[in-house]
Amino acid sequence: PQTSMHSIRGTSRESNYEGQDIFSDLPDVIIGRILSILPTKEAVRTSILSKRWRNLWKFVTKLHFQDIEPYRRNKIDKFHFLDFVYGVLFHLNNSRIQSFSLYLSEKYDPNHVNRWLANILNRGVTELSINSEKDLSISSYSILESQPLEKLVLKMKLGFFTVPTFVYLSSLIFLKLSGIIVICNTPSNDSKNLTLNFPVLRECEIVNCSWLNVEGVTLEVPLLEVLSIKHTRSLSPDFHSITKVCAPHLRELSY
């Protein structure tokens, strides 16, 4: 440890030839990717380090928001949290974001969450995770129109998700739904059969989810290898439906 510390100090002295360290000499985009490893709030805090660092957090490619302090588990004031999320999304320099993660311990107006989703999905996000400890109804339109999406996690105490009779996501590889009621949006005289077509999906986990206004569900998942379906609470007869899974490459099934 002592030798490595000397090595670090030596490198620092060499890089400080003009009063600036090697890390600060990296291109803005590279520093942004490094800052993406941190929770978004910590990445933004680096703006106080110096003038050079004032705007570097705006180049992050991964966003993680949570309304509790990650280490002390203290809840953050709701209005401060809303301002922070809106402020970050407004000031981002990147037109493309790799991942967006949202953890909510309190109940929020779903309009806020839906605005955030519309903003982030317009940036070509490939990984989307929403975890809410309270009931939450989110708009499915922007999610179902996001063909670059590769990983989708929706975990809620109780969430409502309205879909058309046919859903197609061309790039989705991993799907996890928990506590979601899927509502099929069909005219009263039309068939109440729902088809979910995910041509490259490999792993799917469904926990305490149910279908409303649906008689039959067909999962077209030709590359699916792992499927897990779990119910830890009883379902009303209104949520009963026939489910058909078309998965010729399935290796693991848990029900």
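Heavy-atom basis, side chains included; hydrogens, waters and symmetry copies ignored.
Ile180 contributes atom CD1, which lies 5.5 Å from atom SG of Cys209 (distance to the nearest 0.5 angstrom). From Phe100, atom CZ reaches atom NZ of Lys62 across 15.0 Å, with rounding to the nearest 0.5 Å. Atom CZ of residue Phe65 and atom CG of residue Leu63 lie 4.5 Å apart, to the nearest 0.5 angstrom. Atom CG of Leu136 is separated from atom CG of Leu104 by 7.0 Å, given to the nearest 0.5 angstrom. In this structure, CG in Leu175 is found 6.0 Å from CG in Leu201, a value given to the nearest 0.5 Å. Residue Leu158 holds its CG atom at 10.0 Å from CG of Asn208, rounded to the nearest 0.5 Å.
For the pair Ile138 and Leu154, the minimum side-chain heavy-atom distance is below 4.5 Å.
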Check against side-chain contact (heavy atoms from CB on, under 4.5 Å), Lys192 and Val214: CA-CA 5 Å; Lys192 295 183 179 180; Val214 177; 5.6 Å; no
Test log, rule side-chain contact (heavy atoms from CB on, under 4.5 Å), inputs Glu215 and Asn193: CA-CA 6 Å; Glu215 295 176 355; Asn193 293 311; 4.2 Å; yes
Derivation of the side-chain contact (heavy atoms from CB on, under 4.5 Å) call for Glu220 and Thr218: CA-CA 6 Å; Glu220 295 283 356; Thr218 300; 3.8 Å; yes
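A donor and an acceptor atom, one from each side chain of Asn119 and Arg123, are located under 3.5 Å apart.
Ring geometry for Tyr108 against Phe81 counts as tilted: the plane angle lies between 30° and 60°, on a 0 to 90° scale.
Closest approach of Phe198 and Pro222 over heavy atoms only: O-CD, 4.0 Å. Ala247 approaches Leu224 most closely through the heavy-atom pair CB-CB, 4.1 Å. Considering all non-hydrogen atoms of both residues, Lys107 and Asp135 come closest at NZ-O, 3.3 Å. Nearest approach of Lys134 to Ser105, heavy atoms of both residues: CE-O, 3.3 Å. Of all the heavy atoms in Arg202 and Leu223, the pair that sits closest is CD-O, 3.3 Å. When all heavy atoms of Asn122 and Ala118 are compared, the pair lying nearest together is ND2-O, 3.0 Å.
Hydrophobic clustering keeps Leu196 apart from Tyr141 (ILVMFWY residues linked when any side-chain heavy atoms are closer than 4.5 Å, directly or through intermediates). Taken together through direct or relayed side-chain contacts under 4.5 Å among Ile, Leu, Val, Met, Phe, Trp and Tyr, Trp211 and Val207 form parts of separate hydrophobic clusters. Residue Phe90 is not grouped with residue Val125 when hydrophobic side chains (ILVMFWY) are merged at heavy-atom distances under 4.5 angstrom, including chains of intermediate members.
Taking a 6.0 Å sphere around NZ of Lys78, one finds it holds more than 12 heavy atoms contributed by other residues, nucleotides or ligands. Atom CZ of Phe174 has more than 12 heavy atoms from other residues, nucleotides or ligands within 6.0 Å.
A search for side-chain contact (heavy atoms from CB on, under 4.5 Å) contacts involving Ser142 returns Leu117, Leu121, not counting sequence neighbours.
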Sequence neighbours left out, cut at 3.5 Å: what donor-acceptor pairs do the side chains of residues 143-151 make with other protein atoms?
residue: Gln147; atom: OE1; partner: Ser170; partner atom: N; Å: 2.8
residue: Gln147; atom: OE1; partner: Ser170; partner atom: OG; Å: 3.0
residue: Gln147; atom: NE2; partner: Tyr168; partner atom: O; Å: 3.0

